[in-house]
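The structure under discussion appears below in the form of structure tokens.
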Amino acid sequence: MKLLRDLLYGIRLETVVGSTAVPIESVSFDSRQVARDGLYIAITGTCSNGHDFIDDAISRGAKAVVLEHMPAQLSEGVTYVLTPCTREALALVAANLYNRPSEQVQVIGVTGTNGKTTVATLLYQLFSELGYASGLLSTIAVYVKDERYLASHTTPDPLQIQQYLAMMRDSGVTYCFMEVSSHGIDQKRTLGINFCGALFTNLSHDHLDYHGNFLAYRNVKKSWFDTLDKDAFALSNADDKNGSVMLQNTKAKTGYYSLTSIADYRASVVEMRFDGMLLRIANREFWTQLTGTFNAYNLVLVYATALELGEDPFQVVAAMSKLTPTPGRLNWIKGTQNRYGIVDFAHTPDALQNVLDAINALRTHNEQLITVLGCGGDRDPLKRPKMGSIAASFSTKVIITSDNPRSEDPQKIADQMLAGVGAQLRSRVFVQLDRAEAIRMAVALSGPGDLILVAGKGHESEQIIGDKRIPFSDTDHLSNALNL
């Protein structure tokens, strides 16, 4: 239990009607979850407005309400707190509710279009290997030391974030590695977190359905770096054309990493194979199970972060050789007849291009590369023709299928992907909207030594069709088909 005034610390207040000395037992931004003596924060969302449910929250026991505009009638015995931004208030209230755990846990955030999950997960692995009690907040899972919790979003809501950080603090975690999405930044979910480090991977076409245009998307990412204080560090990709933009106005200590440009931390690929690559960083070579140029970028960023946190470079390189691939990210499956399956989360044009480039760099080109992919429904439609074009241009055969169609017609999504395929490449493209059947079809079309890439869903264990979540694993379906 906390007093309302303690929960409101740091929030911009315009008007308070009622007492701030009332005891608060819980905090919620969903009126259905409000309990007796609770604080309800009315959030304006994309589908509903929390202000419409204030009376419902009060009827369930809310003793205080944080809102952006006062209702015509006020309920007796309820404190009303007017603030210009309830999303901002929610994040700060959540931090106050759990006694600002990021002041005791060092939180390092990772943002960018691609690579967030891999970098955060590899850092969690690395620092666990180096002997630290570590935590992870990622798309795939949340880890509090060795305890795993399922994740629902790239950046969870502020109450979840602060609860997990409090669990980490109470468990003695030293470092938490956290994915930071553009949605999370824009919706103020990362406020109230004291980041000691911020990492930028790359920037390409994604989420334009939400942000409207690429510039707005970039500026949201940049705004996070602008909030860092002088005691933090920020690392950016010198080879990305937006890498320097991210660090323009930050107060943090800055640094760059690269494969091709002059930078503070550089890496080069000595040898690359299906089962890994030999990487050179700072004149030290080591073998890693990860492969692909994009993973070379991920690994040099991991190395740079460890050194920025004061680790010994020799120990870091030794520990990095033990890192394992992130689930759903360029995962290889050995099948019969010397065929290989690859499962990858690539769901943006840039990510798909990176994965296909990595595979093609390892091929003899005497074998087929058959790609299965779709695009998510209710998401950015502008990337669909690009995804179709890239897949057809860099694969031997392509099977367009359903990803997570959600409320959209899967055929419409497939048609939009096909629209990006030039007439000269149409003969290599098939459409099979049943994803399980599409995977089986790809394997049936393959021969000895061929490669089958299933892209788009990676680690996901469900397929969202309409309002239903159906159990589905690309890895399971591909493995079963390859080994029949």
Side-chain angles (χ1 to χ4, degrees), residues 110 112-122 124 136-143 148-157 160 178-184 206-207 209-210 294 298 324-333 341-352 354-356 371-380 383-384 387 391 399-408 410 413-414 417 432-440 442-443 452-482:
V110 189
T113 304
N114 302 308
K116 295 186 295 295
T117 301
T118 296
V119 171
T121 304
L122 292 176
Y124 166 77
L136 175 68
L137 280 166
S138 82
T139 301
I140 294 177
V142 174
Y143 278 93
R148 185 178 189 270
Y149 302 86
L150 290 177
S152 58
H153 298 85
T154 305
T155 310
D157 71 63
Q160 290 177 308
M178 174 181 173
E179 289 187 54
V180 177
S181 68
S182 58
H183 289 72
D206 199 16
H207 302 308
D209 56 319
Y210 178 87
F294 61 95
N298 293 334
T324 58
T326 304
R329 271 66 177 176
L330 208 64
N331 295 161
W332 294 80
I333 302 167
I342 308 105
V343 172
D344 194 89
F345 189 53
H347 62 286
T348 68
D350 189 57
L352 181 62
N354 286 339
V355 168
L356 289 169
T371 297
V372 179
L373 83 161
C375 285
D378 302 335
R379 298 293 186 270
D380 183 6
K383 69 182 181 183
R384 293 170 186 172
M387 298 280 282
I399 302 173
I400 291 177
T401 188
S402 293
D403 189 287
N404 293 317
R406 300 182 177 89
S407 68
E408 283 197 72
I413 297 172
M417 294 180 70
Q432 171 51 258
L433 297 179
D434 183 307
R435 192 173 182 91
E437 188 57 39
I439 293 171
R440 287 192 290 270
V443 174
I452 301 101
L453 168 66
V454 180
K457 289 173 58 59
H459 64 282
E460 293 177 356
S461 59
E462 297 176 323
Q463 189 176 22
I464 306 171
I465 302 175
D467 58 358
K468 295 180 180 178
R469 291 179 173 268
I470 300 166
F472 195 98
S473 164
D474 280 354
T475 299
D476 289 348
H477 280 276
L478 182 55
S479 180
N480 291 339
L482 277 169

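Heavy atoms only: backbone and side chains are in, while hydrogens, waters and symmetry mates are out.
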[X] side-chain N/O to [Y] backbone N/O, donor-acceptor pair under 3.5 Å:
X      : Y      : result
Asn331 : Gly328 : yes
Gln463 : Arg469 : no
Ser461 : Ser473 : no
Lys383 : His347 : yes
Glu179 : Thr139 : yes

Report yes if the side chains of [X] and [Y] come closer than 4.5 Å at any heavy-atom pair, otherwise no.
X      : Y      : answer
Arg148 : Tyr143 : yes
Arg406 : Arg379 : yes
Leu433 : Ser402 : yes
Phe294 : Thr118 : no
Lys116 : Val180 : no
Val372 : His477 : no
Arg435 : Asp474 : yes
Phe345 : Asn114 : no

Next item on the list: Let me see the working for Glu460 and Asn404 under side-chain contact (heavy atoms from CB on, under 4.5 Å), right down to the final yes or no.
Entry: CA-CA 10 Å; Glu460 293 177 356; Asn404 293 317; 3.1 Å; yes
Could you give the distance from [atom1] ([X]) to [atom2] ([Y]), rounded to the nearest 0.5 Å?
X      : Y      : atom1 : atom2 : answer
Ile439 : Phe472 : CD1   : CZ    : 4.0 Å
Gln432 : Ile399 : CD    : CD1   : 8.0 Å
Ser479 : Ile333 : OG    : CD1   : 5.0 Å
Leu373 : Asp344 : CG    : CG    : 11.5 Å
Leu453 : Thr371 : CG    : OG1   : 4.5 Å
Ile140 : His459 : CD1   : NE2   : 5.0 Å

Notebook entry, point to check: With a 4.0 Å cut-off, would you call Glu408 and Arg384 a salt bridge?
Noted result: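 Yes, this pair counts.
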If you compare all heavy atoms of [X] against all heavy atoms of [Y], which two are closest, and at what distance to 0.1 Å?
X      : Y      : value
Ile400 : Ala414 : CG2-CB, 3.8 Å
Cys375 : Met387 : SG-CG, 3.8 Å
Ala442 : Ile452 : CB-CG2, 3.8 Å
Ala391 : Leu356 : CA-CD1, 4.0 Å
Gly376 : Asp403 : N-CB, 3.8 Å

